[in-house]
Amino acid sequence: MENSQIFHDFSVSTSISNDSSSCHLNSSAENQSYEDILNNSVNNSEQNDANEDPESYVVVGQDFEEPVSLEGSVVKDDDEAYELYNSHAFRNGFGTRKGKKEYRSGTRIVRQRFFVCAYEGFKNPDGVVPKSFKKIDRRTGCKASVQFDVDKKTGVYVLSKHSRLHNHSMVPANKRHLIRSHRHISKEQLAFLTTFTCSGTKLADVLRAMRKEVGGEANLGFTVPDAYDAVLAEKKKKLDGCDSNQLIRWFAMRQAKEHDFYYDFQLNEENQLINFFWRDGRMRSDYEAFGDLLIHDTTYRTNKYDMICGPFVRMNLHTQNIMFGVGFILNEKAGTFDWLFNSFLTSMGGKQPVTIMTDQSSAMDKAIREVFPKSRHRLCAWHIGENAVVNIKGVMAKEGFKRRFDYVLKYTDTVAEFEHYWNSLMTDYNCKTHKWIERLYDLKEKWCPAYNKEWFSGGILSSQRSETTNHSISRRLHKTNGLCDFYKCFLDVIDEWRSKENKGDYNSSTGNRYYACADNILCLHARDVYTIAIYLIFEQRFIKAISLRCQRISYEFPVSKYIVGHPTKDFIRHVVMFNEQEMVVDCTCKSYGEIGVLCSHILRVFIVHNVEEIPKQYIMKRWTKKAMNMIVEEGEDRDNEVSVVSASVWRMQSIRNCIKVINEAQHCPAARKLIDLGVLDMSCKVKEYIGGVEGDGNVSNKYVREETLLDGIEPSTDTVLPDVVEPIAEKVIPTMIQNPPKRKRKIKNGTEKANERNVRPKGIVEKKRNKLKGWNKRRETHVDNLREETQSTDQCIINLPVGGVLVHPTSSNSQLEAYVPDDYFGVHIQPL
């Protein structure tokens, strides 16, 4: 038998009886073969373990001598030597440490190797001043140790001396798993911990599950502090120099592989990272399809450097969140926002959004006017409501003001209606001269929906979608995490969002749910055109249209003019103009221009005229099934399977197949062994094949370490989008990039009040109600009730003639109009 095979079979600790004929490699042992020595040592070790119970020798409170000697044991190398003594120490209840090495004269060849008891020596020698804080000192000056002599010819380790007397008590069996030398985290366990922590699971929860799986902490092999230290050490291994430097290296590596990946960053005079922005190719294509609205929020700054996280968010064709890019900035100055918005605009080829919604910030407003001059800037209505509670506390406390103010802030349909109710509100509560209210009125075009009906906004009134992104991140990370952690976490969040989008695409393209108006021809056409999420909005409006009253007040072929509204709930009704020849329709609520879906007033007129299909000019492409990403690319060579199936799809299929086989074999030891042998054989063949394909000594990029990838970056030969300006190559990593400077928190009244994240308060009852009831239906009900309550305040003030109706103006007039019936002329229009 070969020596290597012997060591492979007996890599675990071996021992030989302390016997005069075999305790050393003396003259009599030299005549024996090396294989005979190992066989004898194994047999003697098994006999000793069977006759002696190490736990019976454990005595607490007095010195102890090990019952079994390991002299004469032979092992292959240094690691097996340590494993031999450490395993013996565990059986006898003490820990070990690696001692010194002695080398042969003039070489680095080991001659002797020592391993000692963990209690050997003293921690604080004479002359050293003790520290104010120190760890528990367990050193007692114990002399127990082992000495290995290394054979000059074969290089094997032979245990020549074993000191077994300890000057301390042994550790009981139920506590031996706590000894430092017997605690170890395997690669598999570390990978398991790292995977779950990167996914947002708390490390304490992961350890709790692992302890339950193995039957307690004693069987786990390590303690909770060991797990935290190991995860932190593993994280540090992946950092090149510092957190910021590694982040930019990852960006550079990704751009080298993906021609449509974009990133940019800024450094200060001290070479510290102060701002950065990135987006991938999918974000660019999403922006081309859904870039009509952009939501940007900068209220989240929970990270190690207190940098401000500013994601660019929008909703897709299923009304789900999608990401357009992520920026981190150090401060909220106008110059910083100018750089961030210019980076975003450059990455998107100069295309400006129709509407951009942010919170109220003068610096951000200035940057938006300069960078996005063609975009409509909207302010978050929720933030305005929160600011109102702070700035006009006395007025907000008055009965009825908050609900009426909420209606004027969010739900007015026309400028005339807004002006009417704003003046009424200011007069009733005598607050028109309040400075904050005056400033708010001056900014009415940025927050009032009535002034923004011509610009698409998807019906969004706040930056809550961007704050939802912050919530997704905060569940996974906290203020001690670095920028690399945030980058990985953002990748996970984006991947989850795209998985939800794929699910929405699949559901909309393969089937439909049961609908309330499934037999109506107009609804059937809408179901074929729209995605499920948008059809539900359309159907809800169609059902509401059924209950509306439609009164034609004029007709000049082919144009009909109608007054549409609920007979009891709508005190102010809308006017609908319908050209039945050209299928052109217009409503004073302007809901289509704002949301992209026909309003209930227009649908009521369609019901009257028996319209069976939605006119093409009123079908917004971004809400249709055609906007889904369903293009399947296939390779030209169908004989080659790799060209037919993409790498990501093939990988997922292979993983599923492997998991299925492993699940079937997990309870059969023979089947497990068969799988292990098959995987080993397949791994060797794959490495052999890849080496042959790549050529002599050449390895594909995926197997090159990161340093090689960066050091050898060359301009990509792939086709780059012509309107995207890539960062300059020299900007990749000019020098070592330092971490951002840490911001000093402002202290107010002894507590930290600055830089706190805005959290929208929600109770448990509200969360459950939102989950059980549809948000859209709840919102529509709330708006209807609020409108009815607000309009009812004017019914006792405005005296309309019998049969008169108050309507929204069809022109740009800022006054409401009253339609009064006339016996001779039919209908008389009278300004209010």
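Only this structure's heavy atoms are used, side chains among them; waters, hydrogens and symmetry mates stay out. Residue indices begin at 1 and follow the sequence shown.
Cys142 and His168 make their closest contact through SG-NE2, 3.6 Å (heavy atoms, listed as atom of the first residue, atom of the second, distance). For the residue pair Leu273 and Leu267, the shortest heavy atom distance occurs at CA-CD2, 3.7 Å. Contact between Phe115 and Ala81 at its shortest, heavy atoms only, is CE1-CB, 3.8 Å. Pairing each heavy atom of Cys117 with each of Tyr85, the nearest pair is N-OH, 4.3 Å. Pairing each heavy atom of His177 with each of Phe90, the nearest pair is N-CE1, 4.3 Å. Of all the heavy atoms in Ile185 and Gln189, the pair that sits closest is CA-OE1, 3.6 Å.
Both tests pass for Arg108 against the ring of Tyr103: distance under 6.0 Å to the centre and angle within 45° of the axis.
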Q: Report the C-alpha separation of Thr154 and Asp151 in whole Å, then their side-chain angles, then the decisive distance to 0.1 Å, and conclude whether the side-chain hydrogen bond (donor to acceptor under 3.5 Å, both in side chains) test is met.
A: CA-CA 6 Å; Thr154 60; Asp151 187 85; 3.0 Å; yes

Q: Test Arg104 against Val110 for side-chain contact (heavy atoms from CB on, under 4.5 Å), laying out the working first.
A: CA-CA 6 Å; Arg104 299 190 183 277; Val110 179; over 6 Å; no

Q: Show the numbers, then the answer: is there a side-chain contact (heavy atoms from CB on, under 4.5 Å) between Phe276 and Leu247?
A: CA-CA 10 Å; Phe276 68 88; Leu247 178 70; 3.7 Å; yes

Q: Kindly indicate, with the supporting measurements, whether the criterion side-chain contact (heavy atoms from CB on, under 4.5 Å) is fulfilled by Leu165 and Lys143.
A: CA-CA 7 Å; Leu165 183 61; Lys143 300 297 183 182; over 6 Å; no

Q: Could you walk me through whether Phe94 and His166 pass the ring pair (Phe, Tyr, Trp, His ring centres under 6.0 Å) test, one step at a time?
A: CA-CA 9 Å; Phe94 66 94; His166 296 261; 4.3 Å; yes

**Q.** salt bridge (Lys or Arg N to Asp or Glu O under 4.0 Å) between Arg139 and Glu120, worked out
**A.** CA-CA 6 Å; Arg139 304 288 181 89; Glu120 181 268 344; 5.1 Å; no

Q) Can you list the steps and then say if His88 with Glu66 is a side-chain hydrogen bond (donor to acceptor under 3.5 Å, both in side chains)? A) CA-CA 9 Å; His88 171 78; Glu66 302 168 29; 2.7 Å; yes

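Crowding of Arg111 atom CZ: a count of heavy atoms from other residues, nucleotides or ligands under 6.0 Å exceeding 12. Applying the 6.0 Å contact sphere to OH of Tyr487 captures more than 12 heavy atoms from other residues, nucleotides or ligands.
Annotation: salt bridge (Lys or Arg N to Asp or Glu O under 4.0 Å) contacts of Arg208 (sequence neighbours excluded): Asp205. Legend: residues meeting salt bridge (Lys or Arg N to Asp or Glu O under 4.0 Å) with Asp676, ordered by chain and number and at least two apart, are absent.
By the 4.0 Å N-to-carboxylate-O rule, Asp681 lies close enough to Lys685 to be salt-bridged with it. Lys100 and Glu102 are joined by a salt bridge, as a carboxylate oxygen and a charged side-chain nitrogen come within less than 4.0 angstrom of each other. A salt bridge links Asp280 to Arg254: at least one charged side-chain nitrogen sits closer than 4.0 Å to a carboxylate oxygen.
A donor and an acceptor atom, one from each side chain of Asp226 and Thr223, are located under 3.5 Å apart. Side-chain N/O atoms of Asn219 and Glu217 include no donor and acceptor closer than 3.5 Å.
Using a 4.5 Å cut-off on side-chain heavy atoms (C-beta onward), Leu483 and Tyr305 make contact.
Of the residues listed (Phe261, Trp250, Trp278), the one engaging Gln255 in a side-chain contact (heavy atoms from CB on, under 4.5 Å) is Phe261, and it is the only one.
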